[in-house]
2 protein chains.
Amino acid sequence: MELLDAEGIDALSMRKLATRLASGATSIYWYVESKDQLLELVMDAVYGEVAVPVDGSWRKAAEAFAAGLRKAVFHHPWLVSLVGALPAIGPNAMTASERLVGAFKKAGFEGWSLDYAVAAITSYALGAAIPSAAWQNAHRKQGRSIQETVAQMAPTIHFVSADYPNLSEMVDRYYGGETDVEQIQQRSFYFGLNALLDGLEACLP
Amino acid sequence: MELLDAEGIDALSMRKLATRLASGATSIYWYVESKDQLLELVMDAVYGEVAVPVDGSWRKAAEAFAAGLRKAVFHHPWLVSLVGALPAIGPNAMTASERLVGAFKKAGFEGWSLDYAVAAITSYALGAAIPSAAWQNAHRKQGRSIQETVAQMAPTIHFVSADYPNLSEMVDRYYGGETDVEQIQQRSFYFGLNALLDGLEACLP
DNA sequence: TACTGTGCTCGTACATTGTGCGAGGGTATT
DNA sequence: AATACCCTCGCACAATGTACGAGCACAGTA
């Protein structure tokens, strides 16, 4: 994971990992069946970073899950390249889901509504993490800081959105103030999350 | 895209693509700078399949966008491996966003709320597409049909969820009836989408 | 002490990958 | 006839995932 965080997922090779571990390249295959399986394990390790409380309201549980996933993806932006391509059935992912389901069940969700409500939250959490990861990936690909990347991409962004008046207006809003990408994304994240939670709350008896 | 649909993203190599095009492997590089750029173009081609109507309510626009993306990912499950890793600034993606923003703006969203509301919908749409793509990827990796894949994975799924009572309950519900994965996912998708739209509607003046 | 098995490491090897380079050929313009 | 451009492609190289099997250390048994 240190290697992945530092160099991204394209840069991870079994040989590099081996030298990092001061071992032979193929020794890894004693512990792991394939690179894919290794990545599955890594993915579940990341899920281990999202902590869902066992007590507390269903809204708190959902918030903890979604925010935890968001933070995890922020620190490990390569995760989004794995989600959807590899099954997420590790113990950490399972525990998080289990607790989330438990909280929703205790709140009164039942039957298919329970499944659907949980799926809605996970979908939103995953989806919201993607743009965040995209920015991280972009600015890590060059060695620059976020501010520098934002500044550097400004002309390109203005150029490609020039033909789209609504998008241009959005872009201007982004580049109007201090352009703290992370803060904007955080606000955006909680705005949508609260909307979704409000909508789900209306389904409760 | 035919190659990607048939064999998945791991199986796409420049050489295979070249033989499919009855050309030399490196001839492709006359038209395309790198494989990554090729994938960017392919990604935008998929965005071309999601049609957002210019007229109609903001809810209809959001539904069309989300459902379109869902359908596109269903047919091209390899897309999720690209989203978040590659920038989505092609003309088709831009047009879809532009129209979505337009519809929301006409409905009364403005300022940051406009951006956030649109971001919420796209996040949900992307996130909801991921599990769907995961199933597709899984069942395409083996040559089997969906039903066969579902049946074949049943023991594994029961096994890994055995220690999690809430998840077991969910799994039982899934495997209780006819287990039409696609239909369940569709219902789940619209359930969450409507909840989110309801929540967003409450933000309107 | 000798032998056997088991857990683990690693060098070698191979097929496959993305892609840089430069030599070719076809067509249009001068 | 010569030059310029558009386009194709064979070759080559470094890097990749991983199968294979030879080697080690150490445990238990004879």
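A, B, ... follow the sequence lines: proteins, then strands. Residue 1 opens every chain.
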Write down the distance between [atom1] ([X]) and [atom2] ([N]), rounded to a whole number of angstrom.
X: A:Gln37; N: D:dT18; atom1: CD; atom2: P; answer: 10 Å
X: A:Tyr31; N: D:dT18; atom1: OH; atom2: P; answer: 18 Å
X: A:Trp30; N: C:dG11; atom1: CH2; atom2: C1'; answer: 17 Å
X: B:Lys35; N: D:dA15; atom1: NZ; atom2: C1'; answer: 14 Å
X: B:Asp10; N: D:dT18; atom1: CG; atom2: C1'; answer: 15 Å

Between [X] and [Y], does any side-chain N to carboxylate O distance fall below 4.0 Å?
X: A:Glu7; Y: A:Arg140; value: no
X: A:Lys71; Y: A:Glu182; value: no
X: B:Arg59; Y: B:Glu63; value: no

- B:Ala93 backbone acceptor or donor facing B:Ser97 side chain under 3.5 Å: yes

- Message: Measuring centre to centre across the rings, with the benzene-like ring taken for any Trp, is B:Trp112 within less than 6.0 Å of A:Tyr174?
- Response: yes

- Message: Quick check: B:Trp135 with B:Phe74 (ring centres under 6.0 Å apart)?
- Response: no

- Item | Interface residues of residues 12-29 of chain B with DNA chain C (non-hydrogen, below 4.0 angstrom) | B:Leu12, B:Ser13, B:Met14, B:Arg15, B:Thr26, B:Tyr29

